[in-house]
Enquirer: 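This is the structure I have questions about; it appears just below.
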Amino acid sequence: MILLVWTGCTSSQDLLVGKWQVAVVERGGEVIGGPRFNGTVFEFRTDGVVRTMGVDTSEVNYRREGTSLIYEQGELTETYRIDSLTEEVLIIFSEADGIPTQTTFIRLEE
């Protein structure tokens with residue numbers, strides 16, 4: 001699940017820009033994995049597009065509003081809460097199908 005919307009470039013937006021690899025997905029208190037999650041790479045670009053590279057490759061628009069990360073693709077909009085964003089780690093939270101889901105990413109070298 002990915003939701004991104006572009007609102008312009010700020011210093012916190014700049015920190016998000018780059019390639020991030022999924023390290024851990026915790027859903028309902030349990031660590032889940034498999035090829036659909038682990039190792040998937042998300043590339044956040046300055047033009048408000050995020051490219052997902054893993055089992056499937058896709059591109060969607062994104063934007064940040066405070067601690068919200070919003071993905072938009074056609075009629076579909078998904079919102080995630082950014083719990084942590086540093087030079088090395090990104091942690092987002094969502095309620096996927098009503099189940100608390102936390103995804104931890106690590107920044108990849110360019």
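Please read all numbers here as calculations on a predicted model, not as lab measurements.
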Enquirer: What's in the same ILVMFWY side-chain cluster as Met53, cut-off under 4.5 Å, chained through other members?
Expert: Val41, Leu108
Enquirer: Spell out, as yes or no, whether a donor-acceptor pair under 3.5 Å connects the side chain of Asp47 to the backbone of Val49.
Expert: yes
Enquirer: Output all residues satisfying salt bridge (Lys or Arg N to Asp or Glu O under 4.0 Å) with Arg107, sequence neighbours left out; order by chain, then residue number.
Expert: none
Enquirer: Could you check whether Glu109 pairs with Lys19 (Lys NZ or Arg NE/NH1/NH2 to Asp/Glu carboxylate O, under 4.0 Å)?
Expert: no
Enquirer: Any chance you could measure Thr40, atom OG1, to Phe105, atom CZ, to the nearest 0.5 Å?
Expert: 8.5 Å
Enquirer: State the CD-OG distance between Gln73 and Ser58, to the nearest 0.5 angstrom.
Expert: 6.5 Å
Enquirer: Going hydrophobic residue to hydrophobic residue with side-chain gaps under 4.5 angstrom, can you get from Val60 over to Val17?
Expert: yes
Enquirer: Could you state the interatomic distance from OG1 (Thr103) to CD1 (Ile92), rounded to the nearest 0.5 Å?
Expert: 5.0 Å
Enquirer: May I ask you to test the Glu95-Pro100 pair for a side-chain heavy-atom distance under 4.5 Å?
Expert: yes
Enquirer: Once you round to the nearest 0.5 Å, how far does CG of Leu15 lie from OG1 of Thr86?
Expert: 7.0 Å
Enquirer: What do you reckon, are the aromatic ring centroids of Phe93 and Tyr80 less than 6.0 Å apart?
Expert: no
Enquirer: Using 0.5 Å steps for rounding, measure from the CG atom of Leu90 to the OG1 atom of Thr104.
Expert: 8.5 Å
Enquirer: With a 4.5 Å limit on heavy-atom distance, are the side chains of Leu16 and Leu85 in contact?
Expert: yes
Enquirer: Looking at CZ of Arg81 and OG1 of Thr79, how far apart are the two atoms once the value is rounded to the nearest 0.5 Å?
Expert: 12.0 Å
Enquirer: If hydrophobic clusters are built from ILVMFWY residues whose side chains come within less than 4.5 Å, do Ile91 and Ile99 share one?
Expert: no
Enquirer: Following the transitive rule for hydrophobic clusters with a side-chain heavy-atom cut-off under 4.5 Å over Ile, Leu, Val, Met, Phe, Trp and Tyr, establish whether Ile106 and Phe42 coincide in one cluster.
Expert: no
Enquirer: Can you list the other members of the hydrophobic cluster that holds Val31, where links are side-chain heavy atoms under 4.5 angstrom apart?
Expert: Val24
Enquirer: Go through the steps for Ile82 and Arg64 under the test side chain to side chain contact (heavy atoms under 4.5 Å, CB included), then give the verdict.
Expert: CA-CA 9 Å; Ile82 298 173; Arg64 295 233 356 241; 3.2 Å; yes
Enquirer: Report yes if some heavy atom in the side chain of Thr101 is under 4.5 Å from a heavy atom in the side chain of Glu26; otherwise report no.
Expert: no
